[in-house]
Amino acid sequence: GGQYTHAAIWLVMAFAAIGNKKRTWELLQMINPINRTNSEENITRYKTEPYVIAADVYAEPKHKGQGGWTWYTGSAGWMYQLIIHSFIGLKREGNTLSFTPCLPEEWTHFEINYRFAETNYHIQFIQRASEVEKTMKVFLDGVELIDDIISLVDDRQDHHVKIELFTSLHSTVPTELRVSS
């Protein structure tokens, strides 16, 4: 037993897919390797690099909490997918960029820089509670986009994107994931 990282990442992705921000963040923090080395005791137990993802974290009592099979590109690739696509919600399809973030409500803002060929897109996320019906507004160079999708162009200019995320004070989100066969 223990943490098989592929499966753990897929579980976090599933919670992001159903929009459970709180559980997505909790689980992401649990599997983040840097959090397994945030104390001397944890470093001694984990015995692995904190800057790479381990494919396994053991549960057997003799090795409980120890990471194994590090520098494993499969788990690293899935972790990248989780963070970029499921958590931050950045999705590129062809020459378009869309957003379906699943961020914890305490994240009020952050920025990323996205490079498309020779063009830079500076993307600012701002999140706040609101009673508006729309959950997101997307602005490109100061103009609100109707469909919230950015058409990427390689014009070698800097573009500024602002994503306003609105969390409802009365929203309900599934707290568990049920699978039946």
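- Between Ile123 atom CD1 and Ile112 atom CD1 the span is 4.0 Å, to the nearest 0.5 Å.
- Not one N or O on the side chain of Ser86 forms a donor-acceptor pair closer than 3.5 Å with the backbone of Met13.
- For Glu40, the CD atom sits in a loose shell: 12 or fewer heavy atoms of surrounding residues, nucleotides or ligands are nearer than 6.0 Å.
- Without hydrogens or angle criteria, Gln127 side chain to Pro104 main chain gives a donor-acceptor distance under 3.5 Å.
- The ring-ring contact (aromatic ring centres under 6.0 Å, His included) search around His122 returns His160, not counting sequence neighbours.
- Put simply, the side chain of Asn120 never gets that close to the backbone of Asp158: no donor and acceptor are under 3.5 Å apart.
- One distance of note links OH of Tyr114 with OG1 of Thr119; it measures 11.0 Å at 0.5 Å rounding.
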Would Leu152 and Arg92 count as a side-chain contact (heavy atoms from CB on, under 4.5 Å) if you check the C-alpha gap in whole Å, the side-chain angles of each, and the deciding distance to 0.1 Å?
CA-CA 9 Å; Leu152 299 168; Arg92 178 175 168 202; 4.1 Å; yes
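- The shortest side-chain heavy-atom distance between Cys102 and Phe15 does not fall under the 4.5 Å cut-off.
- Although no hydrogens or angles enter the test, the distance criterion places no donor-acceptor pair under 3.5 Å between the side chain of Thr96 and the main chain of Gly94.
- Classification of the Phe125-Phe99 ring pair by plane angle, with boundaries at 30° and 60°, yields perpendicular.
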Before giving the answer on side-chain contact (heavy atoms from CB on, under 4.5 Å), spell out for Asn95 and Phe116 the whole-Å C-alpha distance, their side-chain angles and the decisive distance to 0.1 Å.
CA-CA 9 Å; Asn95 289 345; Phe116 175 71; 3.5 Å; yes
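- To the nearest 0.5 Å, atom OG1 of residue Thr37 and atom OH of residue Tyr51 are 10.5 Å apart.
- Here the NZ-OG1 distance, from Lys21 to Thr167, works out to 5.5 Å after rounding to the nearest 0.5 Å.
- Taking the six-membered ring where tryptophan is involved, the planes of Trp10 and Trp78 are perpendicular, since the angle between them exceeds 60° and thus also 30°.
- Crowding of Tyr80 atom OH: a count of heavy atoms from other residues, nucleotides or ligands under 6.0 Å not exceeding 12.
- Interatomic distance, OG1 of Thr100 versus CG of Asp148, reported as 11.0 Å (0.5 Å rounding).
- No donor-acceptor distance shorter than 3.5 angstrom exists from the side chain of Ser98 to the backbone of Ile149, with no hydrogens or angles considered.
- By the 4.5 Å heavy-atom criterion applied to side chains, Thr5 and Trp69 are not counted as neighbours.
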Show, in sequence, the C-alpha distance, side-chain angles and deciding distance for Val161 and Leu140, and conclude whether the side-chain contact (heavy atoms from CB on, under 4.5 Å) test is met.
CA-CA 5 Å; Val161 177; Leu140 174 61; 3.8 Å; yes
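- Residues passing the ring-ring contact (aromatic ring centres under 6.0 Å, His included) test with Phe166, sequence neighbours excluded: none.
- Around NZ of Lys22, the count of heavy atoms belonging to other residues, nucleotides or ligands within 6.0 Å does not exceed 12.
- Here the NE2 atom belonging to His109 is positioned 15.0 Å from the CD1 atom belonging to Ile163, to the nearest 0.5 angstrom.
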Apply salt bridge (Lys or Arg N to Asp or Glu O under 4.0 Å) to residues Lys162 and Glu164 and explain how you reach the verdict.
CA-CA 6 Å; Lys162 182 166 78 169; Glu164 291 183 351; 3.3 Å; yes
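- Nearest approach of Pro101 to Leu165, heavy atoms of both residues: CG-CD2, 3.6 Å.
- Classified by interplanar angle (parallel below 30°, tilted 30° to 60°, perpendicular above 60°), the ring pair Trp25/Trp107 is perpendicular.
- Taking the side-chain contact (heavy atoms from CB on, under 4.5 Å) definition, one finds that Ile83 meets it with Leu28, Met79, Ile88, sequence neighbours left out.
- Leu27 and Ile84 fall within the same hydrophobic cluster, defined by Ile, Leu, Val, Met, Phe, Trp and Tyr side-chain heavy atoms under 4.5 Å apart, directly or through other members.
- With a 4.5 Å cut-off on side-chain heavy atoms, Ile150 and His159 do not count as touching.
- Side-chain contact between Val153 and Tyr121 is present, with heavy atoms from C-beta onward closer than 4.5 Å.
- Put simply, Val57 and Val52 are part of two different groups of oily side chains (I, L, V, M, F, W, Y) that touch within less than 4.5 Å, one to the next.
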Test side-chain contact (heavy atoms from CB on, under 4.5 Å) applied to Leu103 and Phe87, step by step
CA-CA 6 Å; Leu103 306 168; Phe87 182 66; 3.9 Å; yes
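- When the shell of 6.0 Å around CZ of Arg115 is examined, it contains more than 12 heavy atoms from other residues, nucleotides or ligands.
- Hydrophobic clustering of Ile, Leu, Val, Met, Phe, Trp and Tyr side chains at less than 4.5 Å, counting indirect connections, keeps Ile53 apart from Ile43.
- Between Ser75 and Tyr4 there is no side-chain heavy-atom pair separated by less than 4.5 Å.
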